[in-house]
Amino acid sequence: MTISFTNVIAKIASVDLFKRNSSTGNIETGIFIGRPFHIDYEKACILIADAWKLKAKGIPQGSFLLAYYENEDDVYEVLLLRVLKPAKLPTDNDVISSMIEYYKDNLKTSGKESQLDNYTKYEFSFSGVECRILGTFYKDDKGCTHFGADVENFYSAHHYKVFKPNPDVLELIVNFREEGITGKPTDIKIGKVRYSSSLRFQAQEDNIPVFVSPKDFLGKRTALFGMTRTGKSNTVKKVIQATVSMSDKAAYTLNGRSNGSGAENLEPLTDDGLPKYPVGQIIFDINGEYANANMQDEGTAIFEIYKERTIRYSTINKDGFKVMKVNFYRDVESGFELVKSRLAESTGNYIDSFCAVDFTKPEDYDKNNSSAKTRYDRRVAAYLCCLYKAGFVVPKDFKIYFSGNKELNQLVKQDGSLDPSKGISLEEACDWFTTIWDNYENQFFSKYKRDNGHEWADEDLKAILVFLSRKRSPGGSANVDGYKKLRSIAELHTETVGKSFEIEIIEELRKGQIIIVDLSQGDPDIQRLYSERICRQIFADAMNRFIQNTPNNFVQFYFEEAHNLFPKQNDKDLSQVYNRIAKEGAKLNLGLIYATQEVSSISSNILKNTQNWFIAHLNNEDETKEIKKYYDFGDFTDSLVRFSADSDKGFVRMKTYSNAFVVPTQIDRFSKI
């Protein structure tokens with residue numbers, strides 16, 4: 001059923017949380033279920049009878065209750081409770097003793113033929129429930145309702161009555177926003193309230209919709225945790241769908257407003273809580289489930305529904321996909337970034353020196369007879385020789401040019417005919433550089449240093465020559481892997497000439513497009529390589545726009561199987577791009593949505609900066625112990641381990657940025673709008 005957000009929000013806003021019967025003064029916001037016999041700042045223990053439970057259609061673990069203060073008429077305050085577990089009553093020992101005696105006498109204690117007297121039946125029907133106090137609803141002097149996530153004051157327990165809220169009141173509780181009570185009409189339905197796996201009573205009750213605010217996700221960090229086949233991907237698709245609907249309502253582009261006037265300031269949201277600019281979304285698809293149609297989609301693949309705004313990239317040639325490859329010979333800096341990423345886990349001083357080489361073109365490059373130009377050209381030429389030796393396919397008729405020297409040319413080839421300033425092949429350039437390195441102890445180089453005050457080869461060039469010749473010392477024997485280290489990424493090279501895929505991706509994200517990066521057919525190293533490279537480029541672009549005081553639209557990152565890409569829990573390297581997005585992304589309007597079944601494997605730096613949490617079934621204590629550290633998820637760690645494969649898909653415990661507490665929610669099934 002299609003829900004009108006405006007009508008729903010208006011309906012919730014009209015609910016009076018403190019409504020009483022005008023003639024009797026009785027509370028009319030729910031069904032009475034008991035009275036507290038203990039209360040403090042954290043917990044309340046409730047006395048409850050079986051008859052009251054039955055009338056209220058059950059009190060599931062995790063359900064919300066309201067405790068009203070009844071001693072004074074002009075106190076508008078109600079405590080929000082969550083049911084945790086049974087509580088021991090002071091009379092329990094006596095009841096248990098009596099019960100055991102009846103059992104020993106083989107008397108029937110239940111049903112129509114119960115042999116208990118009325119007094120004993122009455123005593124046996126009471127039990128205790130322990131609840132956590134989540135906070136306080138109250139009215140201010142102007143009559144506006146607010147929620148505080150604690151207890152400012154509490155009174156004697158006998159002054160309170162506890163109610164299970166009516167459907168409309170429960171709807172207000174789970175969708176409460178401090179701004180205008182329930183947020184704005186732009187809030188988006190994501191699911192319905194669900195307390196337990198068993199649905200005997202709940203199936204008889206109204207479905208209570210749960211909404212999320214655009215502000216909850218845009219530029220925020222969102223985690224989806226749960227075992228395989230518990231509905232994580234469905235939830236991700238719901239978030240993508242909601243983001244598209246928000247993006248479509250953007251009034252501006254990054255080049256100005258659609259009606260011709262520009263945005264007034266850099267604030268990314270309008271007064272209505274909608275994104276000012278179209279939202280870009282990029283999905284790193286480890287398993288290929290978003291980039292390719294599969295049976296579980298049933299025609300709801302993201303790229304099919306949003307065909308006009310989705311661009312797919314792959315590491316291999318496939319129909320309908322753009323290929324993520326770089327022409328390493330033409331785009332030296334981008335290619336070298338991939339090389340450095342590939343070598344990041346390799347060890348050795350010569351590798352560190354090679355990765356430290358600077359291929360930034362010098363400012364005075366275009367000046368005639370520039371020493372900086374000469375040295376830069378030699379570095380690039382020697383580096384391209386490394387690529388050639390590693391098996392990178394050379395573009396047709398490719399030549400390289402750099403400044404040599406007549407004496408050095410003769411050292412390489414006696415007649416001096418091999419002159420790199422006139423253009424030579426990469427094979428010839430390899431001979432030229434390796435000969436130079438083998439003869440670097442030649443008196444020419446000693447004289448050059450005496451005459452010029454520095455060596456002919458700077459440190460960068462020497463690092464490249466070690467890599468090319470595989471010799472740490474000039475004239476020595478090959479004793480390092482050198483260029484062989486690059487063979488594993490030769491498949492990332494393309495001979496075509498064009499704009500690099502990272503630049504294309506950034507341009508499309510700034511337009512509000514959906515980018516799906518299919519990493520399903522790359523090995524784990526390639527997956528990490530591409531993911532880190534793209535994220536780093538987007539982060540750098542956003543930071544550059546931020547520094548230049550240029551508007552940043554929201555860009556949302558989605559990571560499936562995040563444990564394959566993210567730094568591990570004990571990794572303290574804050575320079576990792578994922579850690580930087582988590583810690584600094586908010587000011588750059590970069591959102592992070594990640595899904596995994598291994599909570600304990602995710603970097604603590606990312607977890608500590610996560611604002612939105614969707615927790616489905618987890619099957620072991622290692623994971624639930626990690627979850628217990630955050631917000632009030634400790635109330636659900638026992639129930640998270642329990643799971644029914646037939647009925648519990650999409651059953652999550654949800655904590656969003658604008659909600660002060662966890663809401664148990666059944667996420668709606670993703671479908672076409």
Side-chain angles (χ1 to χ4, degrees), residues 326 328-329 331-362 372 374-392 394 400 402-404 408 411-412 420 426-442 444-446 448-449 452 454-493 523-526 528-529 532-533 536 571 573 575-576:
V326 173
F328 280 70
Y329 292 106
D331 194 350
V332 173
E333 289 188 67
S334 292
F336 190 60
E337 287 297 321
L338 290 171
V339 167
K340 288 196 294 184
S341 298
R342 190 71 174 95
L343 296 175
E345 297 180 2
S346 299
T347 57
N349 292 336
Y350 84 97
I351 293 177
D352 294 340
S353 298
F354 180 75
C355 290
V357 173
D358 183 11
F359 284 111
T360 304
K361 188 172 287 190
T374 299
R375 291 180 177 275
Y376 174 78
D377 287 343
R378 287 173 182 165
R379 285 200 299 272
V380 171
Y383 165 67
L384 298 184
C385 287
C386 293
L387 300 180
Y388 171 73
K389 296 289 283 185
F392 287 68
V394 182
I400 56 175
F402 60 93
S403 177
L408 293 181
L411 183 64
V412 176
L426 281 169
E427 180 67 36
E428 292 171 327
C430 288
D431 291 340
W432 198 95
F433 279 114
T434 53
T435 302
I436 295 300
W437 188 240
D438 284 339
N439 293 275
Y440 199 66
E441 303 298 333
N442 185 286
F444 169 85
F445 299 103
S446 302
Y448 184 95
K449 185 175 182 180
N452 296 276
H454 58 79
E455 292 189 43
W456 179 86
D458 59 22
E459 292 303 316
D460 281 354
L461 180 57
K462 287 197 286 186
I464 300 171
L465 293 179
V466 170
F467 221 78
L468 175 62
S469 66
R470 299 177 50 229
K471 301 173 183 178
R472 288 182 184 271
S473 303
S477 58
N479 52 10
V480 297
D481 289 336
Y483 64 79
K484 290 184 177 180
K485 290 273 188 184
L486 307 182
R487 288 178 176 173
S488 60
I489 61 169
E491 63 188 57
L492 307 185
H493 166 66
D523 65 55
D525 289 337
I526 298 299
R528 284 192 291 271
L529 196 65
E532 290 178 13
R533 172 65 176 163
R536 197 175 289 112
D571 190 338
D573 182 7
S575 65
Q576 289 255 15

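For this chain, numbers begin at 1 and follow the sequence in order. Scope of the values below: all heavy atoms of this structure, side chains included, with no hydrogens, waters or symmetry mates. All values derive from a computational prediction rather than experimental measurement.
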Practice task
Name the orientation class of the two ring planes belonging to Phe359 and Phe336 (parallel below 30°, tilted from 30 to 60°, perpendicular beyond 60°).
Solution key: perpendicular
Indicate yes or no: at least one non-hydrogen side-chain atom of [X] is less than 4.5 angstrom from one of [Y].
| X | Y | value |
| --- | --- | --- |
| Val339 | Ile489 | yes |
| Phe328 | Leu338 | yes |
| Leu343 | Phe354 | yes |
| Tyr383 | Val332 | yes |

Handout entry: Lys/Arg N to Asp/Glu carboxylate O, Glu532 vs Arg536, below 4.0 Å
Key = yes
Handout entry: Salt-bridge criterion met for Arg375 and Asp460 (N-O under 4.0 Å)
Key = no
Taking only distance into account, with no hydrogens and no angle test, what donor-acceptor pairs under 3.5 Å do side-chain atoms of residues 480-487 form with protein atoms, sequence neighbours excluded?
none

Could you pull out the closest heavy-atom pair between [X] and [Y], with the gap in Å?
| X | Y | result |
| --- | --- | --- |
| Ile351 | Ser346 | CD1-CB, 3.6 Å |
| Ala381 | Phe402 | CB-CD2, 3.5 Å |
| Arg378 | Gly404 | NH2-O, 4.0 Å |
| Ala382 | Leu465 | CB-CD2, 4.4 Å |
| Thr435 | Val412 | CG2-CA, 3.8 Å |

Going from [atom1] on [X] to [atom2] on [Y], what distance comes out if it is rounded to the nearest 0.5 angstrom?
| X | Y | atom1 | atom2 | result |
| --- | --- | --- | --- | --- |
| Ile464 | Phe433 | CD1 | CZ | 8.5 Å |
| Lys389 | Leu384 | NZ | CG | 14.5 Å |
| Lys340 | Arg533 | NZ | CZ | 9.0 Å |
| Glu428 | Cys385 | CD | SG | 10.5 Å |
| Trp432 | Ile400 | CH2 | CD1 | 10.0 Å |
| Tyr329 | Tyr388 | OH | OH | 8.0 Å |

Problem - Heavy atoms of other groups near Asp358 CG, more than 12 under 6.0 Å - result: yes
Where the side chain of [X] meets the backbone of [Y], is there a donor-acceptor pair that is under 3.5 Å apart?
| X | Y | result |
| --- | --- | --- |
| Tyr440 | Ala457 | yes |
| Asp458 | Leu461 | yes |
| Asp377 | Ser403 | no |
| Trp437 | Leu468 | no |

Practice task
Check the side chains of Ser488 and Arg342 for a donor-acceptor pair under 3.5 angstrom, ignoring hydrogens and angles.
Solution key: yes
Problem - Side-chain donor-acceptor contact under 3.5 Å, Ser341 with Arg528 - result: no
Practice task
Please test Ile436 against Leu411 for side-chain contact (heavy atoms from CB on, under 4.5 Å), starting from the C-alpha separation and ending with a verdict.
Solution key: CA-CA 8 Å; Ile436 295 300; Leu411 183 64; 4.2 Å; yes
